[in-house]
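What follows is a short report on a single structure.
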2 protein chains.
Amino acid sequence: MSEAKVSRAERQRQTRERLIEVAEQMFLAVGYAGTSLDKVAVEAGFSKGAVYSNFAGKEELCLAVLDTIHAQKIRRVLDLFSEDVPIESRLKNFLEWSRSGLGEPQWTALEVEFAAVARHNPWVASELVKRHREVRRLIEQLISSTLADAGLETTIPVEQVATALLAMGAGLGGLRALDPRIDMDVFGAVLTGLVRPISSDEPTSSDASSSS
Amino acid sequence: MSEAKVSRAERQRQTRERLIEVAEQMFLAVGYAGTSLDKVAVEAGFSKGAVYSNFAGKEELCLAVLDTIHAQKIRRVLDLFSEDVPIESRLKNFLEWSRSGLGEPQWTALEVEFAAVARHNPWVASELVKRHREVRRLIEQLISSTLADAGLETTIPVEQVATALLAMGAGLGGLRALDPRIDMDVFGAVLTGLVRPISSDEPTSSDASSSS
DNA sequence: GTCTATAAATCGATAGAC
DNA sequence: GTCTATCGATTTATAGAC
(Lines give C-alpha, C1' and ligand atoms only; values in the text may rest on other atoms or scores of the structure.)
Protein backbone atom coordinates (compact mmCIF):
# COMPACT_ATOMS: atom_id res chain seq x y z
CA MET A 1 0.00 0.00 0.00
CA SER A 2 2.77 2.40 0.87
CA GLU A 3 4.44 1.82 -2.48
CA ALA A 4 1.25 2.47 -4.36
CA LYS A 5 0.40 5.63 -2.49
CA VAL A 6 3.70 7.34 -3.28
CA SER A 7 2.77 7.04 -6.93
CA ARG A 8 0.71 10.17 -6.59
CA ALA A 9 2.75 13.03 -5.24
CA GLU A 10 6.08 11.23 -5.09
CA ARG A 11 5.96 10.48 -8.78
CA GLN A 12 5.74 14.12 -9.67
CA ARG A 13 8.34 15.08 -7.12
CA GLN A 14 10.74 12.71 -8.87
CA THR A 15 9.87 14.18 -12.23
CA ARG A 16 10.54 17.68 -10.98
CA GLU A 17 13.78 16.57 -9.37
CA ARG A 18 14.94 14.80 -12.50
CA LEU A 19 14.19 17.84 -14.64
CA ILE A 20 16.15 20.08 -12.30
CA GLU A 21 19.01 17.62 -12.34
CA VAL A 22 19.27 17.52 -16.12
CA ALA A 23 18.67 21.25 -16.44
CA GLU A 24 21.53 21.90 -14.04
CA GLN A 25 23.93 19.91 -16.19
CA MET A 26 22.87 21.68 -19.36
CA PHE A 27 22.77 25.18 -17.90
CA LEU A 28 26.27 24.66 -16.53
CA ALA A 29 27.56 23.12 -19.75
CA VAL A 30 26.24 25.52 -22.37
CA GLY A 31 24.84 28.41 -20.39
CA TYR A 32 21.35 29.79 -19.97
CA ALA A 33 20.80 31.02 -23.51
CA GLY A 34 22.37 27.91 -24.95
CA THR A 35 19.96 25.59 -23.19
CA SER A 36 16.54 24.85 -24.68
CA LEU A 37 13.68 23.48 -22.62
CA ASP A 38 13.00 20.85 -25.24
CA LYS A 39 16.45 19.34 -24.96
CA VAL A 40 16.23 19.38 -21.19
CA ALA A 41 12.93 17.54 -21.28
CA VAL A 42 14.06 14.91 -23.80
CA GLU A 43 17.37 14.31 -22.03
CA ALA A 44 15.41 13.80 -18.81
CA GLY A 45 13.15 11.31 -20.53
CA PHE A 46 10.11 13.56 -20.75
CA SER A 47 8.64 16.01 -23.18
CA LYS A 48 8.44 19.75 -23.05
CA GLY A 49 4.94 19.61 -21.63
CA ALA A 50 6.29 18.06 -18.46
CA VAL A 51 8.52 21.05 -17.97
CA TYR A 52 5.64 23.47 -18.19
CA SER A 53 3.61 21.29 -15.83
CA ASN A 54 6.28 21.69 -13.18
CA PHE A 55 7.70 25.14 -13.84
CA ALA A 56 6.17 28.38 -14.95
CA GLY A 57 8.84 28.80 -17.61
CA LYS A 58 12.53 28.81 -18.37
CA GLU A 59 13.39 31.42 -15.79
CA GLU A 60 11.65 29.62 -12.97
CA LEU A 61 13.42 26.40 -13.93
CA CYS A 62 16.78 28.12 -13.79
CA LEU A 63 15.87 29.67 -10.47
CA ALA A 64 15.09 26.20 -9.13
CA VAL A 65 18.42 24.94 -10.45
CA LEU A 66 20.29 27.77 -8.79
CA ASP A 67 18.49 27.06 -5.54
CA THR A 68 19.70 23.47 -5.46
CA ILE A 69 23.24 24.59 -6.21
CA HIS A 70 23.07 27.23 -3.51
CA ALA A 71 21.81 24.69 -1.03
CA GLN A 72 24.76 22.42 -1.82
CA LYS A 73 27.28 25.23 -1.47
CA ILE A 74 25.81 26.47 1.79
CA ARG A 75 25.76 22.97 3.20
CA ARG A 76 29.40 22.55 2.29
CA VAL A 77 30.39 25.86 3.85
CA LEU A 78 28.51 25.10 7.04
CA ASP A 79 30.35 21.79 7.22
CA LEU A 80 33.68 23.52 6.82
CA PHE A 81 32.83 25.86 9.66
CA SER A 82 31.24 23.16 11.78
CA GLU A 83 32.11 22.88 15.44
CA ASP A 84 33.59 19.46 14.71
CA VAL A 85 36.45 21.20 12.96
CA PRO A 86 39.26 22.74 15.03
CA ILE A 87 39.01 26.50 15.04
CA GLU A 88 42.43 26.98 13.50
CA SER A 89 41.59 24.70 10.56
CA ARG A 90 38.26 26.21 9.58
CA LEU A 91 39.56 29.20 7.71
CA LYS A 92 42.38 27.20 6.16
CA ASN A 93 40.06 24.47 4.92
CA PHE A 94 37.64 27.02 3.56
CA LEU A 95 40.36 28.83 1.65
CA GLU A 96 41.62 25.57 0.24
CA TRP A 97 38.14 24.65 -0.92
CA SER A 98 37.59 28.13 -2.33
CA ARG A 99 40.42 27.52 -4.75
CA SER A 100 38.47 24.92 -6.67
CA GLY A 101 35.04 24.10 -5.30
CA LEU A 102 33.65 27.51 -4.50
CA GLY A 103 34.03 29.52 -7.64
CA GLU A 104 33.55 26.87 -10.27
CA PRO A 105 33.70 28.79 -13.53
CA GLN A 106 30.62 27.15 -15.03
CA TRP A 107 28.48 27.89 -12.02
CA THR A 108 29.65 31.46 -11.75
CA ALA A 109 29.17 32.00 -15.44
CA LEU A 110 25.60 30.75 -15.20
CA GLU A 111 24.99 32.93 -12.19
CA VAL A 112 26.09 36.11 -13.91
CA GLU A 113 24.48 35.25 -17.23
CA PHE A 114 21.17 34.60 -15.52
CA ALA A 115 21.55 37.81 -13.56
CA ALA A 116 21.80 39.65 -16.86
CA VAL A 117 18.63 37.95 -18.04
CA ALA A 118 16.85 38.66 -14.77
CA ARG A 119 17.29 42.38 -15.28
CA HIS A 120 14.28 42.29 -17.59
CA ASN A 121 12.04 40.38 -15.20
CA PRO A 122 11.46 42.33 -11.99
CA TRP A 123 10.13 39.32 -10.13
CA VAL A 124 13.15 37.17 -10.96
CA ALA A 125 15.45 40.04 -10.15
CA SER A 126 13.93 40.46 -6.72
CA GLU A 127 14.23 36.74 -6.08
CA LEU A 128 17.91 36.82 -6.96
CA VAL A 129 18.50 39.83 -4.76
CA LYS A 130 16.81 38.06 -1.87
CA ARG A 131 19.17 35.10 -2.25
CA HIS A 132 22.26 37.25 -2.59
CA ARG A 133 21.46 39.11 0.60
CA GLU A 134 20.99 35.88 2.50
CA VAL A 135 24.31 34.54 1.28
CA ARG A 136 26.04 37.78 2.16
CA ARG A 137 24.66 37.66 5.66
CA LEU A 138 25.80 34.06 6.05
CA ILE A 139 29.32 34.92 4.95
CA GLU A 140 29.31 37.86 7.31
CA GLN A 141 28.34 35.75 10.30
CA LEU A 142 30.83 33.01 9.52
CA ILE A 143 33.69 35.43 9.10
CA SER A 144 33.06 37.45 12.21
CA SER A 145 32.45 34.49 14.49
CA THR A 146 35.35 32.46 13.14
CA LEU A 147 37.81 35.32 13.27
CA ALA A 148 36.80 36.26 16.78
CA ASP A 149 37.37 32.71 17.97
CA ALA A 150 40.76 32.65 16.31
CA GLY A 151 41.86 35.94 17.82
CA LEU A 152 41.77 37.76 14.50
CA GLU A 153 40.00 40.84 13.18
CA THR A 154 39.43 42.41 9.77
CA THR A 155 41.12 45.63 8.76
CA ILE A 156 37.86 46.90 7.24
CA PRO A 157 34.27 46.39 8.42
CA VAL A 158 33.18 42.78 8.15
CA GLU A 159 30.13 43.78 6.10
CA GLN A 160 32.48 45.08 3.43
CA VAL A 161 34.62 41.97 3.62
CA ALA A 162 31.56 39.83 3.01
CA THR A 163 30.49 41.92 0.04
CA ALA A 164 34.03 41.89 -1.30
CA LEU A 165 34.31 38.12 -1.06
CA LEU A 166 30.95 37.62 -2.74
CA ALA A 167 31.81 40.00 -5.56
CA MET A 168 35.31 38.63 -5.96
CA GLY A 169 34.07 35.07 -6.01
CA ALA A 170 31.69 35.89 -8.82
CA GLY A 171 34.27 37.94 -10.67
CA LEU A 172 37.05 35.39 -10.36
CA GLY A 173 34.80 32.59 -11.50
CA GLY A 174 33.65 34.64 -14.45
CA LEU A 175 37.19 35.47 -15.44
CA ARG A 176 38.31 31.88 -15.10
CA ALA A 177 35.44 30.71 -17.28
CA LEU A 178 37.26 32.50 -20.08
CA ASP A 179 40.85 32.34 -18.93
CA PRO A 180 41.85 29.14 -17.13
CA ARG A 181 45.13 30.74 -16.15
CA ILE A 182 43.43 33.04 -13.64
CA ASP A 183 45.11 32.81 -10.25
CA MET A 184 42.38 31.53 -7.94
CA ASP A 185 44.63 31.92 -4.91
CA VAL A 186 43.73 35.58 -5.06
CA PHE A 187 40.55 34.84 -3.15
CA GLY A 188 42.38 33.49 -0.15
CA ALA A 189 45.19 36.00 -0.46
CA VAL A 190 42.83 38.95 -0.24
CA LEU A 191 40.95 37.53 2.70
CA THR A 192 44.25 36.82 4.45
CA GLY A 193 45.46 40.29 3.58
CA LEU A 194 42.40 41.85 5.14
CA VAL A 195 42.93 40.03 8.42
CA ARG A 196 45.27 40.79 11.29
CA PRO A 197 45.71 39.66 14.88
CA ILE A 198 43.50 41.53 17.30
CA SER A 199 45.65 44.43 18.41
CA SER A 200 45.22 44.85 22.15
CA ASP A 201 46.84 48.31 22.09
CA GLU A 202 44.18 49.93 19.89
CA PRO A 203 41.20 49.84 22.24
CA THR A 204 43.32 50.76 25.29
CA SER A 205 41.57 54.10 25.79
CA SER A 206 44.33 56.71 25.51
CA ASP A 207 46.07 57.16 22.13
CA ALA A 208 43.83 56.78 19.09
CA SER A 209 45.84 58.55 16.39
CA SER A 210 49.25 56.99 16.17
CA SER A 211 50.19 56.18 12.57
CA SER A 212 49.89 58.48 9.54
CA MET B 1 37.64 68.89 -53.16
CA SER B 2 38.47 67.84 -49.66
CA GLU B 3 34.81 67.57 -48.78
CA ALA B 4 34.08 65.40 -51.77
CA LYS B 5 37.02 63.10 -51.24
CA VAL B 6 36.00 62.18 -47.70
CA SER B 7 32.85 60.76 -49.20
CA ARG B 8 34.70 57.56 -49.89
CA ALA B 9 36.29 56.10 -46.81
CA GLU B 10 35.07 58.73 -44.39
CA ARG B 11 31.47 57.96 -45.20
CA GLN B 12 31.82 54.35 -44.23
CA ARG B 13 33.83 55.20 -41.17
CA GLN B 14 30.93 57.34 -40.00
CA THR B 15 28.48 54.52 -40.68
CA ARG B 16 30.55 52.11 -38.69
CA GLU B 17 30.95 54.61 -35.88
CA ARG B 18 27.25 55.36 -35.79
CA LEU B 19 26.40 51.66 -35.67
CA ILE B 20 28.78 51.11 -32.78
CA GLU B 21 27.33 54.10 -31.01
CA VAL B 22 23.74 52.86 -31.24
CA ALA B 23 24.74 49.27 -30.53
CA GLU B 24 26.47 50.42 -27.36
CA GLN B 25 23.32 52.10 -26.09
CA MET B 26 21.20 49.04 -26.84
CA PHE B 27 23.64 46.47 -25.52
CA LEU B 28 23.92 48.43 -22.29
CA ALA B 29 20.18 48.98 -22.01
CA VAL B 30 18.80 45.52 -22.72
CA GLY B 31 21.85 43.28 -22.76
CA TYR B 32 23.48 41.21 -25.47
CA ALA B 33 20.72 38.65 -25.94
CA GLY B 34 18.06 41.34 -25.75
CA THR B 35 19.55 43.35 -28.60
CA SER B 36 18.72 42.48 -32.20
CA LEU B 37 20.86 43.60 -35.09
CA ASP B 38 17.78 44.76 -36.97
CA LYS B 39 16.79 47.19 -34.25
CA VAL B 40 20.34 48.47 -34.01
CA ALA B 41 20.46 49.12 -37.73
CA VAL B 42 17.06 50.84 -37.90
CA GLU B 43 17.75 52.97 -34.84
CA ALA B 44 21.01 54.05 -36.44
CA GLY B 45 19.18 54.97 -39.64
CA PHE B 46 20.37 52.03 -41.69
CA SER B 47 19.21 48.53 -42.48
CA LYS B 48 20.55 45.22 -41.32
CA GLY B 49 22.63 44.85 -44.45
CA ALA B 50 24.76 47.79 -43.37
CA VAL B 51 25.62 45.98 -40.19
CA TYR B 52 26.85 42.93 -42.05
CA SER B 53 28.81 45.13 -44.43
CA ASN B 54 30.76 46.52 -41.50
CA PHE B 55 30.89 43.64 -39.05
CA ALA B 56 31.23 39.91 -39.46
CA GLY B 57 28.28 39.35 -37.15
CA LYS B 58 26.72 40.13 -33.81
CA GLU B 59 29.69 39.00 -31.78
CA GLU B 60 32.15 41.12 -33.70
CA LEU B 61 29.85 44.12 -33.30
CA CYS B 62 29.72 43.62 -29.56
CA LEU B 63 33.47 43.21 -29.46
CA ALA B 64 33.84 46.53 -31.24
CA VAL B 65 31.46 48.13 -28.74
CA LEU B 66 33.42 46.77 -25.81
CA ASP B 67 36.62 48.06 -27.36
CA THR B 68 35.33 51.62 -27.49
CA ILE B 69 34.15 51.38 -23.89
CA HIS B 70 37.49 49.96 -22.80
CA ALA B 71 39.30 52.75 -24.59
CA GLN B 72 37.23 55.33 -22.72
CA LYS B 73 37.82 53.70 -19.36
CA ILE B 74 41.54 53.34 -19.92
CA ARG B 75 41.82 56.94 -21.05
CA ARG B 76 40.03 58.03 -17.91
CA VAL B 77 42.24 55.97 -15.65
CA LEU B 78 45.39 57.22 -17.30
CA ASP B 79 44.15 60.76 -16.76
CA LEU B 80 43.53 60.07 -13.09
CA PHE B 81 47.07 58.76 -12.71
CA SER B 82 48.59 61.44 -14.90
CA GLU B 83 51.71 63.24 -13.78
CA ASP B 84 49.69 66.45 -13.70
CA VAL B 85 47.93 65.11 -10.64
CA PRO B 86 49.64 65.32 -7.25
CA ILE B 87 50.80 61.89 -6.14
CA GLU B 88 48.74 61.97 -2.98
CA SER B 89 45.55 62.70 -4.92
CA ARG B 90 45.85 60.00 -7.57
CA LEU B 91 44.70 57.06 -5.52
CA LYS B 92 42.03 59.12 -3.79
CA ASN B 93 40.60 60.42 -7.05
CA PHE B 94 40.67 56.96 -8.56
CA LEU B 95 38.82 55.48 -5.63
CA GLU B 96 36.24 58.24 -5.77
CA TRP B 97 35.70 57.61 -9.47
CA SER B 98 35.55 53.86 -8.90
CA ARG B 99 32.48 54.35 -6.76
CA SER B 100 30.37 55.40 -9.73
CA GLY B 101 32.18 55.60 -13.04
CA LEU B 102 34.26 52.46 -13.03
CA GLY B 103 31.88 49.66 -12.36
CA GLU B 104 28.75 50.89 -14.04
CA PRO B 105 26.25 48.07 -13.59
CA GLN B 106 25.07 48.09 -17.20
CA TRP B 107 28.57 47.89 -18.57
CA THR B 108 29.64 45.17 -16.19
CA ALA B 109 26.48 43.20 -16.87
CA LEU B 110 27.16 43.35 -20.60
CA GLU B 111 30.74 42.33 -20.05
CA VAL B 112 29.85 39.21 -18.09
CA GLU B 113 26.91 38.29 -20.31
CA PHE B 114 29.08 38.53 -23.40
CA ALA B 115 31.74 36.50 -21.66
CA ALA B 116 29.18 33.76 -21.19
CA VAL B 117 28.36 33.92 -24.89
CA ALA B 118 32.01 33.92 -25.83
CA ARG B 119 32.51 30.57 -24.14
CA HIS B 120 31.05 28.93 -27.23
CA ASN B 121 33.20 30.82 -29.70
CA PRO B 122 36.90 30.11 -29.18
CA TRP B 123 38.01 33.06 -31.27
CA VAL B 124 35.89 35.55 -29.34
CA ALA B 125 36.99 33.97 -26.08
CA SER B 126 40.63 34.40 -26.96
CA GLU B 127 40.04 38.02 -27.92
CA LEU B 128 38.40 38.70 -24.57
CA VAL B 129 41.20 37.00 -22.70
CA LYS B 130 43.72 39.11 -24.56
CA ARG B 131 41.93 42.29 -23.47
CA HIS B 132 41.56 41.17 -19.87
CA ARG B 133 45.25 40.44 -19.59
CA GLU B 134 46.16 43.84 -20.96
CA VAL B 135 43.86 45.56 -18.49
CA ARG B 136 45.23 43.52 -15.64
CA ARG B 137 48.75 44.47 -16.56
CA LEU B 138 47.79 48.14 -16.73
CA ILE B 139 46.22 48.00 -13.28
CA GLU B 140 49.28 46.25 -11.98
CA GLN B 141 51.63 48.91 -13.29
CA LEU B 142 49.53 51.79 -12.04
CA ILE B 143 49.20 50.33 -8.57
CA SER B 144 52.84 49.47 -8.10
CA SER B 145 54.20 52.73 -9.43
CA THR B 146 51.68 54.89 -7.62
CA LEU B 147 52.10 53.12 -4.31
CA ALA B 148 55.86 53.26 -4.52
CA ASP B 149 55.76 56.99 -5.13
CA ALA B 150 53.43 57.44 -2.18
CA GLY B 151 55.59 55.38 0.18
CA LEU B 152 53.06 52.56 0.35
CA GLU B 153 53.16 48.85 -0.37
CA THR B 154 50.62 46.06 -0.72
CA THR B 155 50.25 43.34 1.88
CA ILE B 156 49.95 40.72 -0.85
CA PRO B 157 51.73 40.53 -4.25
CA VAL B 158 50.64 43.31 -6.56
CA GLU B 159 49.73 40.80 -9.26
CA GLN B 160 47.12 39.39 -6.94
CA VAL B 161 45.88 42.84 -6.03
CA ALA B 162 45.39 43.63 -9.69
CA THR B 163 43.49 40.40 -10.29
CA ALA B 164 41.43 40.99 -7.17
CA LEU B 165 40.48 44.51 -8.22
CA LEU B 166 39.53 43.35 -11.71
CA ALA B 167 37.43 40.49 -10.40
CA MET B 168 35.86 42.59 -7.69
CA GLY B 169 35.03 45.37 -10.10
CA ALA B 170 33.22 42.94 -12.34
CA GLY B 171 31.53 41.23 -9.44
CA LEU B 172 30.41 44.41 -7.72
CA GLY B 173 29.04 45.81 -10.96
CA GLY B 174 27.18 42.61 -11.64
CA LEU B 175 25.70 42.56 -8.16
CA ARG B 176 24.71 46.20 -8.38
CA ALA B 177 22.99 45.59 -11.70
CA LEU B 178 20.51 43.55 -9.70
CA ASP B 179 20.70 45.17 -6.30
CA PRO B 180 21.18 48.94 -6.34
CA ARG B 181 21.82 48.87 -2.61
CA ILE B 182 25.21 47.22 -3.05
CA ASP B 183 27.91 49.11 -1.17
CA MET B 184 30.30 50.26 -3.89
CA ASP B 185 32.70 51.67 -1.31
CA VAL B 186 33.85 48.11 -0.86
CA PHE B 187 36.13 48.51 -3.86
CA GLY B 188 38.11 51.31 -2.29
CA ALA B 189 37.91 49.81 1.18
CA VAL B 190 39.52 46.58 0.06
CA LEU B 191 42.26 48.34 -1.84
CA THR B 192 42.93 50.54 1.17
CA GLY B 193 42.86 47.53 3.44
CA LEU B 194 45.48 45.79 1.33
CA VAL B 195 47.88 48.71 1.54
CA ARG B 196 50.24 49.75 4.31
CA PRO B 197 53.12 52.16 4.74
CA ILE B 198 56.42 50.70 3.60
CA SER B 199 57.88 49.10 6.68
CA SER B 200 61.60 49.81 6.76
CA ASP B 201 62.26 47.08 9.32
CA GLU B 202 61.16 44.18 7.14
CA PRO B 203 63.87 44.13 4.50
CA THR B 204 66.70 44.69 7.03
CA SER B 205 68.55 41.48 6.14
CA SER B 206 68.59 39.43 9.35
CA ASP B 207 65.27 38.04 10.56
CA ALA B 208 62.98 36.69 7.82
CA SER B 209 60.75 34.30 9.76
CA SER B 210 59.20 36.12 12.64
CA SER B 211 55.46 35.57 12.79
CA SER B 212 53.66 32.19 12.59
C1' DG C 1 0.38 15.19 -15.01
C1' DT C 2 2.29 14.11 -19.33
C1' DC C 3 2.48 13.92 -24.40
C1' DT C 4 1.79 15.41 -29.18
C1' DA C 5 1.22 18.95 -32.29
C1' DT C 6 1.41 23.42 -33.37
C1' DA C 7 1.22 28.13 -32.91
C1' DA C 8 3.62 32.43 -33.02
C1' DA C 9 7.30 35.17 -33.08
C1' DT C 10 12.11 36.27 -33.41
C1' DC C 11 16.40 36.68 -35.15
C1' DG C 12 20.83 35.82 -37.39
C1' DA C 13 22.53 35.49 -41.74
C1' DT C 14 22.51 35.53 -46.94
C1' DA C 15 21.45 36.81 -51.94
C1' DG C 16 20.74 39.98 -55.28
C1' DA C 17 19.23 44.68 -56.86
C1' DC C 18 20.97 49.37 -57.03
C1' DG D 1 28.48 49.86 -49.41
C1' DT D 2 23.69 49.82 -48.57
C1' DC D 3 18.91 48.17 -49.04
C1' DT D 4 15.13 44.91 -49.72
C1' DA D 5 13.45 40.49 -49.35
C1' DT D 6 13.77 36.14 -47.63
C1' DC D 7 15.56 31.93 -45.93
C1' DG D 8 16.24 28.84 -42.30
C1' DA D 9 16.56 27.45 -38.02
C1' DT D 10 15.22 27.79 -33.19
C1' DT D 11 12.66 28.43 -29.40
C1' DT D 12 9.14 29.69 -25.97
C1' DA D 13 4.71 28.82 -24.88
C1' DT D 14 0.01 26.94 -25.51
C1' DA D 15 -4.08 23.75 -26.72
C1' DG D 16 -6.05 19.55 -26.56
C1' DA D 17 -5.77 14.35 -26.40
C1' DC D 18 -4.96 10.63 -23.08
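Naming: A, B, ... by sequence-line order, numbering from 1 per chain.
- A salt bridge does not link B/Arg131 to B/Glu134: none of the charged nitrogens lies less than 4.0 Å from a carboxylate oxygen.
- Every residue two or more places apart in sequence or in another chain that forms a salt bridge (charged side-chain N to carboxylate O under 4.0 Å, His left out) with B/Arg13 is listed here: B/Glu10, B/Glu17.
- Taking the side chain as every heavy atom from C-beta outward, A/Val186 and B/Ile156 never approach each other to under 4.5 Å.
- Of the possible donor and acceptor atoms, one in the side chain of A/Arg90 sits under 3.5 Å from a partner among the backbone N and O of A/Val85.
- Both A/Glu59 and B/Gln12 sit near DNA chain D, but only B/Gln12 has its closest nucleotide nearer the 5' end.
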Every protein N/O lying under 3.5 Å from an N/O of nucleotides 6-12 of chain C:
| unit_1 | atom_1 | unit_2 | atom_2 | d |
| --- | --- | --- | --- | --- |
| C/dG12 | OP1 | B/Thr35 | O | 3.3 |
| C/dG12 | OP1 | B/Lys58 | NZ | 2.8 |
| C/dG12 | OP2 | B/Leu37 | N | 3.0 |
| C/dG12 | N7 | B/Lys48 | NZ | 3.2 |

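- With sequence neighbours excluded, the residues satisfying side-chain contact (heavy atoms from CB on, under 4.5 Å) with A/Asp185 are A/Arg99, A/Asp183, B/Gln160.
- Here ring-ring contact (aromatic ring centres under 6.0 Å, His included) pairs that include residues 111-165 of chain B, with residues two or more places apart or in two chains, are B/Tyr32-B/Phe114.
- Residues B/Arg136 and B/Glu140 are not paired through a salt bridge, judged by the lack of any N-O separation under 4.0 Å between the basic side chain and the carboxylate.
- Running 5' to 3' along DNA chain D, contacts with non-hydrogen atoms of chain A at under 4.0 Å begin and end at D/dT11 to D/dT14.
- The ring-ring contact (aromatic ring centres under 6.0 Å, His included) analysis of residues 62-94 of chain A, with sequence neighbours excluded, yields the pairs A/Phe81-A/Phe94.
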